[in-house]
Every structure is written in structure tokens, then in C-alpha cells.
Amino acid sequence: MKKVMLCAAGGILGLCCAAPAQATDGAASLYLLGSGGPGAAVMPPVEGIFYDKTIYVYDGDAGRSREFPLNGRVVAGLDATIVADFETLLFVPSTKFLGGTLAVGAIMPLGAPMLDVEAVLTRPGGPALSASRRDSTLTVGDPVGLVMMGWHGEKFHVQVSSMVNVPVGHYREGQLANLSFHRWAADGSLALSWHDTKSGWDISGKAGYTYNGKNRTTDYDSGNEFHAEAAVEKALSPAFSLGVQGYYLKQVTGDKGPLGPFKGEAVGVGGTAALNVTMGRSPATFRARVLQEVDTTNRLKGTSFWLDFSIPLKMNIPAQ
């Protein structure tokens with residue numbers, strides 16, 4: 001039971017983040033690529049309240065010839081560094097709902113996007129309205145609500161999940177740097193995990209579809225996206241595990257904006273490691289990830305660094 005508790009505490013919360021991910025309007029997507037890693041479908045085995053803190057850093061750029069829609073403008077030569085903190089609370093009210101485990105929660109993002117552009121254009125492909133510009137801020141993003149349902153056998157786990165972005169965060173109208181999407185967005189995903197606690201192997205996959213609404217301030221209508229991820233991890237000891245993972249994103253419908261049917265695509269690969277510890281009487285997990293984008297279309301190309309900390313705040317453990 002303890003080994004399963006450690007896996008659940010370290011896996012379930014960090015897999016539902018929303019963050020900048022370089023696609024659509026504002027170079028951002030609701031679904032955070034790389035979050036569907038090891039144990040993607042594993043749910044907490046007991047009722048309770050679970051907490052996760054994710055520190056996320058992304059650094060990427062594109063050449064001067066690449067034009068991007070950004071908060072109502074068209075820019076060229078975009079270079080972005082995003083440092084963000086995601087605070088997640090997950091409530092598990094039942095492990096017997098429809099034969100499985102029900103979880104509901106919320107994510108609150110706080111971050112510092114730092115953007116440099118070589119030119120702000122008057123129109124796509126046209127002359128520059130202004131030359132090199134830099135913008136940065138410390139800001140609060142849009143809160144995200146989430147619902148998950150999971151079922152499991154001895155080794156096989158299945159999870160369906162949904163996220164909804166609520167556009168009430170701090171949006172800096174007319175500025176380059178924003179963490180808020182300032183649009184409604186929703187994502188639905190299906191995850192599968194083969195998790196063998198005896199051998200220590202975990203093989204997981206996750207796929208989903210993101211629906212993006214319109215930014216009413218800029219009148220930019222972002223297209224919808226398909227994303228898929230896979231991960232393989234091996235527990236080298238009860239405390240430490242090491243694995244590899246990768247992701248693929250393809251925008252399936254084009255944006256409706258100044259660049260026409262703008263569509264993004266990306267492939268990324270990387271590694272992950274987890275450390276399971278006991279803090280007081282609670283199992284806790286630290287997980288690190290590094291993911292490198294190896295091929296992109298109409299997106300920045302960069303590297304993301306993650307550090308997750310997960311711990312149960314309250315667990316209703318059944319009497320033995």
C-alpha cells in the first residue's frame with residue numbers, strides 16, 4: 001500500500017497543469033506538454049485532499065523570419081523565457097464512484113513571462129511598426145478547474161480527465177508578456193498506465209483534445225489541438241525511479257487571425273526522475289523533468305525544466 005501511495009501522491013497532481021506551451025494566440029496552450037509522464041493514469045487509492053507544487057521553466061525562440069500572433073499583434077524574432085509556479089489542490093471524495101475514483105480540483109498559476117521580439121509588424125510580412133522590444137512582468141494567470149475519473153485492476157489503470165480554463169486572471173491588454181490566456185478553453189484526455197509495483201516498471205500513455213475559444217479583447221480565435229504523450233519509467237529502489245518520456249502536438253484547426261489558418265506542431269523528448277520520501281507520516285514525492293523540443297512548426301523551439309512536489313494533506317485510510 002505504501003508504494004502505491006507514493007506513486008499516487010507523486011503522479012496525479014503534476015499531470016494536470018496548464019501553462020504556456022507555444023501554440024495559438026499568445027504562444028500559449030491550456031495543456032502543458034510533458035505533464036502526461038509516468039503514472040499518468042494512476043489515481044490516489046484513498047479519499048483525501050492532495051497538494052502539488054510545480055515549478056516550470058521554459059526557454060525557447062524562433063528566427064526573425066518566423067512571425068507569430070501575440071496578444072493582438074504580429075511579431076517576428078520571438079524569444080521567450082517563462083518561469084511559472086502552479087499550485088494545485090485535488091479533492092478525492094470517493095474511490096467507489098461509478099466503480100472508480102472521482103477527483104476534482106483547481107490549479108492557480110503565478111509566473112514571470114519574459115519576452116523579446118526583434119520587430120512588431122504593422123501587418124503580416126509588412127514593415128516593422130517598432131524594432132526590438134522587451135517586456136516582462138510578474139502576474140497571475142487564469143485559474144483552471146479539473147475533474148478526473150479513474151479505474152484500475154492489479155496493474156492496469158485507466159483515467160479520463162477534463163480541464164477548463166476560466167478567463168479571470170490578470171490580462172495585460174496591449175502588452176507582449178502575459179500568463180493569462182484571456183479566453184475560455186477546455187481539454188479532455190484519456191490516460192492508460194501499466195504499473196507493476198513488483199518489477200518497478202511503469203509504461204504510460206496519454207492523449208487528448210483541446211478546444212480553444214476566442215480572445216474577445218484581440219478578437220483572435222485560436223484553433224483546436226491534439227496532443228499525445230508516452231513515458232517509460234523503472235523504479236531502481238523504493239525511493240528512486242528514472243525514466244524517459246516524449247510528446248507530440250498537432251493543431252488540427254487553424255487560427256482565425258491576421259496570419260490566416262495558423263497551425264502549430266511539435267515533437268519533444270526528455271527524461272524524468274522521482275524521489276519518494278516520508279515527511280512526518282505522509283508519503284511525498286519530488287519529481288524532476290527535462291524536455292527538449294526536437295521539431296516544431298509555427299511554434300517556438302526550446303527546452304522545459306520541471307520540479308514537482310506532491311504530498312497528501314489528508315487521507316481517509318480505511319481500517320485494516
Shortest non-hydrogen contact from [X] to [Y]?
{"X": "A177", "Y": "P113", "answer": "CB-O, 3.7 Å"}
{"X": "A231", "Y": "Q245", "answer": "CB-CB, 3.6 Å"}
{"X": "G36", "Y": "K206", "answer": "CA-CD, 4.0 Å"}
{"X": "V92", "Y": "P44", "answer": "CG2-CG, 4.0 Å"}
{"X": "E293", "Y": "L300", "answer": "OE1-O, 3.4 Å"}
{"X": "P312", "Y": "P283", "answer": "CD-O, 2.9 Å"}

Problem set entry | Trace of the side-chain contact (heavy atoms from CB on, under 4.5 Å) decision for L78 with L115 | CA-CA 7 Å; L78 177 60; L115 277 68; 4.0 Å; yes
Got a donor-acceptor contact below 3.5 angstrom from the [X] side chain to the [Y] backbone?
{"X": "S193", "Y": "A41", "answer": "yes"}
{"X": "S94", "Y": "K96", "answer": "yes"}
{"X": "T272", "Y": "A288", "answer": "yes"}
{"X": "T278", "Y": "R281", "answer": "no"}

Just jot down the salt bridge (Lys or Arg N to Asp or Glu O under 4.0 Å) partners of [X], sequence neighbours excluded, or say none.
{"X": "D135", "answer": "R172"}
{"X": "E233", "answer": "R287"}
{"X": "K53", "answer": "D85, E87"}

For this session: Verify the neighbour count for atom NZ of K314: are there more than 12 heavy atoms of other residues, nucleotides or ligands below 6.0 Å?
Result: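 Open: at most 12 neighbouring heavy atoms sit under 6.0 Å from NZ of K314.
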Exercise. So, for F309 and F286, is the gap between ring centers shorter than 6.0 Å?
Worked result: yes
Shared ILVMFWY cluster between [X] and [Y], side chains joined below 4.5 angstrom?
{"X": "V252", "Y": "Y211", "answer": "no"}
{"X": "F181", "Y": "L138", "answer": "no"}
{"X": "L110", "Y": "M108", "answer": "yes"}
{"X": "M149", "Y": "V158", "answer": "yes"}
{"X": "V164", "Y": "V168", "answer": "yes"}

With a 3.5 Å cut-off and no angle check, do the side chains of [X] and [Y] form a donor-acceptor pair?
{"X": "N212", "Y": "E225", "result": "yes"}
{"X": "S310", "Y": "D308", "result": "no"}
{"X": "E173", "Y": "T217", "result": "no"}
{"X": "E229", "Y": "Y248", "result": "no"}
{"X": "N178", "Y": "Y171", "result": "no"}
{"X": "S189", "Y": "D187", "result": "yes"}
{"X": "H170", "Y": "S180", "result": "no"}
{"X": "T81", "Y": "D59", "result": "yes"}
{"X": "D142", "Y": "N165", "result": "yes"}

Problem set entry | Pairs involving residues 134-162, ordered by first then second residue, that meet ring-ring contact (aromatic ring centres under 6.0 Å, His included) (sequence neighbours left out) | H152-H157
Could you tell me the separation between the [atom1] atom of [X] and the [atom2] atom of [Y], rounded to the nearest 0.5 Å?
{"X": "L192", "Y": "Q159", "atom1": "CG", "atom2": "CD", "result": "10.0 Å"}
{"X": "M43", "Y": "S161", "atom1": "CE", "atom2": "OG", "result": "9.0 Å"}
{"X": "E154", "Y": "K198", "atom1": "CD", "atom2": "NZ", "result": "6.5 Å"}
{"X": "W306", "Y": "F86", "atom1": "CH2", "atom2": "CZ", "result": "8.0 Å"}
{"X": "L249", "Y": "L33", "atom1": "CG", "atom2": "CG", "result": "5.0 Å"}
{"X": "W201", "Y": "D196", "atom1": "CH2", "atom2": "CG", "result": "11.0 Å"}

For this session: With sequence neighbours excluded, tell me which residues meet side-chain hydrogen bond (donor to acceptor under 3.5 Å, both in side chains) with D295.
Result: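 D295: no side-chain hydrogen bond (donor to acceptor under 3.5 Å, both in side chains) contacts found.
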For this session: Evaluate the side-chain contact (heavy atoms from CB on, under 4.5 Å) criterion for residues T303 and L291: first the C-alpha distance (whole Å), next the side-chain angles of each, then the deciding distance (0.1 Å), finally the verdict.
Result: CA-CA 6 Å; T303 306; L291 293 162; over 6 Å; no
Problem set entry | Electrostatic pair K263-D255, nearest N-O below 4.0 angstrom |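 Here K263 does not pair with D255 in a salt bridge, since their nearest N and O are not under 4.0 Å apart.
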Exercise. Among L90, L89, V144, which one satisfies side chain to side chain contact (heavy atoms under 4.5 Å, CB included) with I107?
Worked result: V144
For this session: Output, in order, the C-alpha distance, side-chain angles, deciding distance and verdict of side-chain contact (heavy atoms from CB on, under 4.5 Å) for T54 and L307.
Result: CA-CA 6 Å; T54 298; L307 182 60; over 6 Å; no
Problem set entry | S241/K234 under side-chain contact (heavy atoms from CB on, under 4.5 Å): CA gap, chis, key distance, verdict | CA-CA 6 Å; S241 58; K234 178 69 167 68; over 6 Å; no
Exercise. Linking Ile, Leu, Val, Met, Phe, Trp and Tyr through side-chain heavy atoms less than 4.5 Å apart, which residues share a cluster with L242?
Worked result: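 Same cluster as L242: L236, F240.
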